[in-house]
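Down below is the structure, laid out as structure tokens.
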Amino acid sequence: MPHTRNRNPSPIPEVTWDTGLKEMNETWKGAIACLGVAVFFVMTIGIIYWQVVDQPNKNWILKGSFSGLIWERRTQTLVIQTLTEDKTFAEIDVENVGNTDIEVPFVRNMCWLNKTEFCYTWDSVAEVKISLESEEDSDTECYSVTWTPIHCHVDLKDCFSMVNISWYGGASVHAPNWPINDANISMQPFTVSNLRDNPAGFGSVLERYFLGSSGVSVLVAPNIPLHVGLESRQQFCLQTPPSMERMPLQYTVCVGHNIRAVHQESMQQLSTARRELPNMDVLRLPFWKLLANVDSGAKLERELRTFSNRLKRHHLGEGVISLDEHSTALLANMDHSYLNSKKRTSKRHTRDLPFVKLLNISITLSPYLSVDSQQFQTSIQEGIEDYWLSLPSGPQGRMVPLLTQWKGKYSVKLNITNPEATSWFLDKVDSLHSHLGMEYVILEGGEGNPFEEQALRPPLAWIGDEYIRLLADLADRIGDNTIVTSGTRSSHKALFIRMSALQSDWSYSGLKGIIPSLLHHSLLGYNFFIPDAVGGSLSAELVADDELFVRWLEIAAFLPVISFQTPPWVFEKEWVLNLTRFYIAKHHDFVVPLILKYAEEWQDTGDPIYRPLWWLSPNDPITFTIDDEFLIGNEVLVAPVTEKGAVQRDIYLPESDFQWQDTNNAQVFDGGTFLESYTIGLGDVAVFVRRRS
């Protein structure tokens with residue numbers, strides 16, 4: 001039997017090499033895959049680390065000679081600081097970039113070829129362009145900011161921090177604060193409203209200008225729709241609402257070495273027109289508001305006679321008797337012939353009505369006309385509807401006067417863009433002057449926008465406060481004896497402005513609000529104002545608190561004009577009458593010459609007549625929040641009592657290089673000093689005159 005040969009006598013088992021190679025390849029593949037995942041993971045961590053930790057949070061995007069603009073990535077804020085980073089001028093919370101929970105990456109400058117410009121676009125939101133402007137002979141640097149929405153649904157909004165910065169300016173409010181940090185105002189159109197009807201709105205004097213104690217100012221472009229809101233002690237915000245026109249948000253931020261320097265530079269930008277002085281004779285006489293609840297000219301005549309005789313009997317001197325719009329109409333209607341005057345008549349100094357021959361009278365007019373009046377009916381019959389603010393109606397687009405309310409009556413409002421309408425109005429003023437011979441004209445009723453109040457889209461000519469600006473032009477044509485009740489972009493005109501009415505109490509809506517209000521007016525350039533009546537006039541009731549009346553009088557004596565609604569004889573106390581006579585004389589002999597002196601300085605430089613304490617000590621933080629003292633020029637400091645029942649108060653005397661002398665007792669104190677519990681009796685007011693050490 002044949003033998004079969006063993007072909008593998010070795011004890012080593014046989015190996016299939018291609019199978020092993022396959023197993024080894026799978027192992028290496030797994031290792032390589034794990035290594036790739038690890039590398040990817042490390043790279044991801046590195047990128048995240050670079051974005052979150054390693055990448056700088058602060059990026060300089062523009063640099064000037066002493067200041068620069070920084071983008072803070074995490075907080076999404078623009079910060080203006082000194083180049084040494086030892087001082088922050090302003091922090092701007094950029095709310096235009098969308099969701100604040102999403103971190104915005106490093107901002108790249110699309111205008112990198114120009115070192116004074118920064119440009120960037122946030123996808124589907126807005127474009128921003130920031131230009132650095134500085135001049136060789138200027139101590140300020142300005143950053144011009146323009147946000148332009150990508151589409152019509154974008155809500156542009158920038159907010160300025162009020163933390164560690166005291167802010168001033170903007171608009172009058174119902175309860176004025178100095179600075180404005182404590183104010184709390186909901187976001188609303190930045191337009192002048194009547195605070196009697198809208199106490200939560202913005203009041204009689206308004207400018208698109210804000211000033212910060214760090215040496216920063218903000219000027220908002222005048223030709224854009226603007227909303228403003230204030231969150232107490234946190235921030236104030238500028239907003240341009242969405243619109244089909246994709247209106248931009250434009251403003252300029254200027255920084256300087258201190259608050260006074262930047263304000264002086266900014267005022268040259270805010271008002272470029274030549275500053276004119278009003279009729280300064282207004283300063284010399286007190287204004288007495290006649291409260292006459294009568295329904296005929298004859299009864300009003302008797303009231304005037306009685307009031308004039310009482311002024312003489314109590315030896316209160318010559319004054320201006322102020323008539324409201326109703327009383328003005330009663331006097332005018334005693335002789336209807338002037339209403340039909342077609343030509344402007346020359347002004348005469350004689351009066352047609354004998355009972356006003358020896359009186360100084362101010363009358364009150366407004367651009368409103370009742371629809372029940374014969375004049376309005378005549379205008380409709382004669383087809384001159386365009387004398388009034390109107391809107392097109394019907395298929396033919398015929399202009400129909402816009403109905404609004406004025407003092408409880410349905411009325412129309414004068415279209416002051418129509419030259420024929422303004423000539424008609426000026427004819428009536430001249431005719432009244434011939435008939436009554438009044439000394440002064442109070443032109444009220446500019447506040448409010450009838451279109452916006454009725455949720456109507458206004459014509460482009462009437463957006464915002466344009467009516468108030470044009471009404472100031474009309475008042476300027478009447479003459480330098482005209483008093484208006486609201487102002488915006490008109491501080492350079494030869495006009496007086498009447499302050500908003502205050503409550504008859506000790507709050508910031510009353511007596512405590514006088515000094516913040518006067519500082520606000522002067523800061524914005526409105527130095528020539530008629531303050532509210534002594535004791536307040538928000539209510540038609542006479543003041544019953546003699547202490548409130550006297551403390552109010554002590555402040556009013558140092559303002560441009562003393563105005564009364566409550567006559568001092570109603571208290572039936574001789575000491576009240578004596579103090580009234582004393583402070584009327586003090587105003588005439590001491591205050592008026594000071595105002596005349598510093599009025600010339602204002603005309604030349606734009607520096608305010610009434611000044612906050614930081615004007616003398618712009619680097620002293622103590623002065624930034626003092627709201628119950630004020631300066632007249634650089635030489636007189638007034639510190640009245642504003643607390644009920646108080647006969648002493650703390651007083652701060654600014655600037656250490658000068659001394660201050662009390663005009664009441666001749667005591668002299670060093671500047672930079674606190675006078676604690678300084679005695680000021682009822683009937684007195686602390687007045688200090690500055691002198692060199």
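Since we're looking at a predicted model, the values are computed, not measured.
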Donor-acceptor list for residues 489-498 side chains, cut-off 3.5 Å, not counting sequence neighbours:
| residue | atom | partner | partner atom | Å |
| --- | --- | --- | --- | --- |
| Arg489 | NH2 | Glu466 | OE1 | 3.3 |
| Lys493 | NZ | Asp473 | OD1 | 2.8 |
| Arg498 | NH2 | Glu444 | OE1 | 3.1 |

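Checking side-chain atoms of His435 against main-chain N and O of Asn333 turns up no donor-acceptor pair under 3.5 Å. When atom types are taken as modelled, the side chain of His587 and the backbone of Val592 share no donor-acceptor pair closer than 3.5 angstrom. With Thr566 contributing its side chain and Val543 its backbone, the two residues share a donor-acceptor pair below 3.5 Å. Distance alone, capped at 3.5 Å, is enough to place a donor-acceptor pair between the Ser411 side chain and the Lys409 backbone. Side chain of Asn415 to main chain of Asp386: a donor-acceptor pair is present (N/O by atom type, distance under 3.5 Å, no hydrogens or angles). In terms of modelled atom types and a separation under 3.5 Å, the side chain of Asp684 and the main chain of Ile680 share no donor-acceptor contact. At distances below 3.5 Å, not a single donor-acceptor pair connects side-chain atoms of Tyr410 with backbone N or O atoms of Asp372. Looking at Lys299, its side chain never comes within 3.5 Å of a backbone N or O of Ala292 through a donor-acceptor pair. The backbone N or O of Gly317 sits nowhere less than 3.5 Å from a side-chain atom of Arg581 that would complete a donor-acceptor pair. A donor-acceptor contact shorter than 3.5 Å is absent between the side chain of Arg469 and the backbone of Thr488.
The shortest side-chain heavy-atom distance between Phe425 and Arg477 does not fall under the 4.5 Å cut-off. Using a 4.5 Å cut-off on side-chain heavy atoms (C-beta onward), Thr580 and Val534 make no contact. For the pair Ile609 and Pro560, the minimum side-chain heavy-atom distance is 4.5 Å or more. Side-chain contact between Met499 and Ser204 is absent, with no heavy-atom pair separated by less than 4.5 Å. Residues Pro567 and Leu542 meet the side-chain proximity criterion, which asks for heavy atoms closer than 4.5 Å. With contacts defined as side-chain heavy-atom distances shorter than 4.5 Å, the pair Ser379/Gln375 does not qualify. Looking at Tyr387 and Val412, their side chains never come closer than 4.5 Å, going by heavy atoms from C-beta outward. Contact of the Glu439 side chain with the Asn360 side chain is registered, since non-hydrogen atoms from C-beta on lie closer than 4.5 Å.
Using a 4.0 Å cut-off between charged nitrogen and carboxylate oxygen, Glu301 and Arg305 count as a salt-bridge pair. In summary, Lys573 and Asp546 engage in a salt bridge, as defined by a charged side-chain N under 4.0 Å from a carboxylate O. Between Arg398 and Glu385 a salt bridge is recorded (basic side-chain N to carboxylate O distance below 4.0 Å).
One side chain, Asp532 or Ser537, offers a donor N or O that lies under 3.5 Å from an acceptor on the other. Checked by atom type, the side-chain pair Tyr508/Asp627 shows a donor-acceptor distance below 3.5 Å. Side-chain polar atoms of Asn309 and Thr306 form no donor-acceptor pair below 3.5 angstrom. Ser362 and Ser322 are linked by a side-chain donor-acceptor pair at a separation below 3.5 angstrom, with hydrogens and angles left out of the test.
No more than 12 heavy atoms of other residues, nucleotides or ligands sit less than 6.0 Å from atom CG of Asn293. A 6.0 Å sphere centred on NZ of Lys407 holds more than 12 heavy atoms belonging to other residues, nucleotides or ligands. Annotation: Glu574, atom CD; neighbour count of heavy atoms from other residues, nucleotides and ligands within 6.0 Å is above 12. Within 6.0 Å of CD on Glu541 lie no more than 12 heavy atoms contributed by other residues, nucleotides or ligands.
Separation of atoms CG (Leu389) and CG (Leu414) is listed at 7.5 Å; rounding is to 0.5 Å. We find the NE2-OH distance between His521 and Tyr610 to be 12.5 Å, quoted to the nearest 0.5 Å. With values rounded to the nearest 0.5 angstrom, Asp281 atom CG is found 10.0 Å from Asn481 atom CG. The OG1 atom of Thr422 lies 8.5 Å from the CD1 atom of Ile416; values are rounded to the nearest 0.5 Å. Here CD1 of Ile384 is found 10.5 Å from CZ of Phe376. Values are rounded to the nearest 0.5 Å. Rounded to the nearest 0.5 Å, atoms CG (Leu290) and CG (Leu304) are 5.5 Å apart.
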Give the intermediate values and the outcome of side chain to side chain contact (heavy atoms under 4.5 Å, CB included) for residues Val685 and Val638. CA-CA 7 Å; Val685 57; Val638 183; 4.0 Å; yes
For ring-ring contact (aromatic ring centres under 6.0 Å, His included), just list the numbers for Trp178 and Phe630, CA-CA rounded to whole Å, side-chain angles, deciding distance to a tenth of an Å, and then say yes or no. CA-CA 11 Å; Trp178 182 270; Phe630 61 92; over 10 Å; no
Report the C-alpha separation of Val441 and Leu432 in whole Å, then their side-chain angles, then the decisive distance to 0.1 Å, and conclude whether the side chain to side chain contact (heavy atoms under 4.5 Å, CB included) test is met. CA-CA 10 Å; Val441 176; Leu432 278 170; over 6 Å; no
Derivation of the side chain to side chain contact (heavy atoms under 4.5 Å, CB included) call for Val687 and Val636: CA-CA 7 Å; Val687 180; Val636 174; 3.8 Å; yes
Verify side chain to side chain contact (heavy atoms under 4.5 Å, CB included) between Leu426 and Ile478, making sure each step is shown before the conclusion. CA-CA 7 Å; Leu426 291 171; Ile478 293 174; 3.6 Å; yes
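Pairing each heavy atom of Ser563 with each of Pro531, the nearest pair is CB-O, 3.6 Å. In terms of heavy atoms, Ser393 sits closest to Val400 at CB-CG2, 3.6 Å. Here the closest heavy-atom approach between residue Glu643 and residue Lys512 is recorded as OE2-CE, 3.1 Å. Of all non-hydrogen atoms in Val371 and Leu403, the two that sit nearest each other are CG1-CD2, 3.4 Å. Nearest heavy-atom pair across Phe529 and Ser522 is CE2-OG, 4.1 Å. Across every non-hydrogen atom of Thr404 and Tyr368, the tightest pair is CG2-CE2, 3.6 Å.
Using the six-membered ring where Trp is involved, Trp462 and Tyr467 have ring planes that are tilted, between 30° and 60° apart.
Residue pairs satisfying the ring pair (Phe, Tyr, Trp, His ring centres under 6.0 Å) criterion with at least one member in residues 541-565, sequence neighbours excluded, are listed as follows: Trp288-Phe564, Phe549-Phe571.
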